[in-house]
Q: 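Once you've had a glance at the structure underneath, I'll fire off some questions.
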Amino acid sequence: MTRQGRWRLAVWLLFIAGCVYVIARTAFNTDMSAFLPRSPTPTQQILVEQLRDGVVSRLILAGIEGADTEELARISKAMVRQLHQESELAAVNNGEMDGQQKDFDLLWKYRFLLSPAVTPEHYTADGLRASLLNDLDLLASPMGALVQRVLPGDPGGELVGLVDQLAGQSRPAMQEGVWFSRDGTRAMLLVQTRAAGSDLDAQEHAMQTIERAFESARQGVATARLRMTGPSVFSVQSRASIRDDAKRLSLIATVLVALLLLLVYRSPRALVLGLLPVASGALAGVAAVSLGFGSVHGITLGFGVTLIGEGVDYAIYLFTQIAPHSSARSTLQRIWPTLRLGVLTSVCGFSAMLFSGFTGLAQLGLFSIAGLLVAVSVSRWLLPELLPVGFFVQSGGMLSGAVMRMVHFAPRLRLPLILGVLVLLVALLLRQEPMWNDNLSGMSPVSQELQALDAQLRSDMGAPDVRYMIVLSAADQEQVLQRSEGLTVQLQQLVQRGMLQGFEAPSQVLPSQRTQSMRRSAIPDAAELRRSIAQASHGLPFRPGLFDPFLQAAAAARQQPLLEAEALAGSNLGLKLDTLLLKRASGWAAMLPLRGVQDADALTQGLAAQPDVILLDMKRETEHMFREYRHDAAQNALLGALAILLLLAVSLRSVRRVAGVTLPLVAAVIVVTAGLAWSGHTLTLFHLVGLLLVVAIGSNYSLFFDRESGAGQGMGQHHGQERTVISLLFANLSTIIGFGLLSFSQAPVLSAIGSTVALGAFLSLVFSAILITG
Amino acid sequence: MRLTLLLAVCLLGTGPVEAEQDAAAAETSVWGLPQLMAGMAGVKSSQRKFTERKYMSVLTTPLESSGTLSYRAPDRLEKHTLAPREERMVLEQGVIVVTRAGQGKRTMMVNQYPAIGAFVESIRSTLAGDRTTLERYFQVKLEGSAARWRMQLQPLDKATRDMVREIRMEGRGTQIAGMEIIEASGDRSVMTVGGESP
């Protein structure tokens, strides 16, 4: 190795060490922040917070099936007993009564402070008389036994009212004392994790804990099966399937590509060297994103590496184009201008993503740019130093002969191709069906089958998706609770008018301190209350002295400290409060989930007058955000395309050549889009990223063809052209192997990118041959 | 908690008396639970008037109510109280729906409370003539004849026994004439069932 070579090697090693150092100190995150626009609206902010660690994100719905009802109930009970011991789970519920004792105790203890019925009038003789008459009715009803038990301490009916208020939602069916699906084939459990839904490692651990509890609870009932669903289950499973697919498919792809290259190079050393550019590029990309953004998102890591797949090609171009008796250096001098222009073209394309309003896209942009620049630099300055002297790739033979004949024939297809692409373009523009999918399900990395299971379990639980939610913001907890109380009154009117089926509010579980003290001071003193109750029960058949416990409790409640959130900890009520009342970066927020909204627009208008009140339509808002995301990406892609055109115009200085280089890429993009559209795909963001990659990779092909058609003719370097074409063919083959395999993935994300890029890269090469040569 | 309902359930198994079947049962010298259950199973639907008195320790005088009871095999029961206030209570497939004038609907799952659940289910099985289920939950004592019988049910399950000490039923043929539920607390509920309701 030359002195210069040793220097270069040292610089490279230092650089890699620097990257590793940065990466070792990098925080990796997998939360939804990458999907959050950089300057979100308040609604988007709340939406993302909800998706990230709202209550819904922490729920795991489990169904046990495959055995008879009694057996399933037994398993369900045993599982719950075991899961109650697990500190990572905030709540486990299968409908058994035992789980609710703590809540009843709390309601009983704080009934005077919690009940909306407690007003000064409520405890006058007239108010009590009305309550007592109602009590008599209740005693005769199926509620009789419960009422009788609490009557001596609660003639005002506070507890019954509170239980009613909290039990408003629909519940799953019951068999054998536990929740079951309506058809009785599936026992149902609801688990809430302590960790946020975005903490996928914790969620995965929680799922394993549930599975373990199931395994030990089923005691050899081999047919019994556990099914789980929920947003976090989706995330964990899709992460696993992406990881598994990526691992499996990229392993196969690596082996296949390695075999192909080994066949071509006939040198294991060259094979290993060929991986250096892309590996260095990946490290540099991660380090750059870490330095630029402070942390690296999982998505960037996952897709970034595929995005710099182009880097693999650089080594192929170099190695394959070394002619016998010429050195790597002289070959590089020959191909470097084209390679450089290709890299710059890709960088232009990706740089548009840098300015995206979405962190995820911006990170991908930076990753790709840094990765490609480093990959090409390693190919340019380091690889020639490390290649064995005299290395060259055997060319000629049947293969290249056949290929060259095809290349020479290709230009005859020019007219049919242009016509065909034009027809496709017109058809695409005239197409009626929506081309883009902005549904969450389209973006969701979850298979249709899992989504169906989710819908099934949800309907079993009588727990439809929460779609509408009112979000209130205020500076502190007391204020937000007071606002919630005010809104509760309005919502109750809406329920009575039939515009709403029901709702939940944090102030139902924890009234504001102001309201609590008003209720407390509404309780009359002992002497007055004794007089009133005597007067109220006159002529009614209540046993004398029956209400003494009530008089004592009321006297005690006048001195009772107000209810604080801490007192609810560990109960279902506390859990509910946690989900409905949130401390946010700026102030506090109250969530009021709505059920059975009849007319969302009317509701929005009714609420519009109030400041800091937002009606959040989770479905519409999510779709809106993803649409914005996609628009943003599409816009950036267009800008990138313009930048590419500008770059080519400046470098090639010929309108004809610029048109020649870009035409095959445009044609490839049109044909791939048409192919996706007519094979029943609606396009997502991932397809768009794939198309961007097609342009990046394809531009190298068309530039090399352009160079050959420009330079090759005059000098008659037939062999040079042949080597170039063969190098493009191998680069293309390795791309098709890599991305083509990805298209077999179960994960929609991977298969979308895989099929788009594999097809697009292939077409770019073929179209370049047709449109440029000759 | 839902003893009234249980009471209603118990009283409902009584359909139009099927004379032949009764006569046949009376003629056989060995009349017993199997015969009674077989008779009950033959009843597909019925509708009768009832009056109910609840003696409760919290009250000095019993609460009285009256209305109609209806049953449709195998598991739909309705207690429609007309006085002192209208109230409709329907048990169907383990769900109780109570509708009271001016108060909307209230839905309860029978099995939310295992003791009551087992209890209601087994009473239902009496009506359906399902002897196996009945004997799984109760110790059953039957005396008298097909023409006039008395049945005593004592819960086997401890949780149920904590709430209900004993259920006494009396009837003629496949028709229950009266029923008394004695709760563990000493409270009692007595229901008499009258003629067929239109």
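None of these values were measured; they are calculated from a predicted model.
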Q: Heavy-atom distances under 4.5 Å only: say whether Leu63(B) touches chain A with side chain, backbone, both or neither.
A: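 Side chain of Leu63(B) only, per the 4.5 Å heavy-atom cut-off to chain A.
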Q: Please determine whether the number of non-hydrogen atoms from other residues, nucleotides or ligands lying under 6.0 Å from atom NZ of Lys77(A) exceeds 12.
A: yes
Q: At their closest point, which heavy atom of Arg543(A) faces which heavy atom of Thr60(B), and how far apart are they?
A: CA-CG2, 3.8 Å
Q: For atom CZ of Arg148(B), is the number of surrounding heavy atoms from other residues, nucleotides or ligands below 6.0 Å larger than 12?
A: no
Q: Around Arg530(A), counting heavy atoms of other residues, nucleotides and ligands shown, do more than 12 lie under 6.0 Å from its CZ?
A: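 For Arg530(A), atom CZ is not crowded (no more than 12 foreign heavy atoms under 6.0 Å).
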Q: First locate atom CZ of Arg85(B), then atom CG of Leu133(A), and finally report the distance between them rounded to the nearest 0.5 Å.
A: 9.5 Å
Q: Which bit of Ser57(B) is near chain A, if near means a heavy-atom gap under 4.5 Å: side chain, backbone, both or neither?
A: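 Both parts, backbone and side chain.
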Q: Looking at Leu136(A), Asp137(A), Leu546(A), Leu151(A), which makes the most heavy-atom pairs under 4.5 Å with chain B?
A: Asp137(A)
Q: Could you tell me if the side chain of Leu540(A) sits less than 4.5 Å from the side chain of Leu59(B), heavy atoms only?
A: no
Q: Apply the side chain to side chain contact (heavy atoms under 4.5 Å, CB included) test between Val58(B) and each candidate in Leu139(A), Val147(A), Asp135(A); give the one that qualifies.
A: Leu139(A)
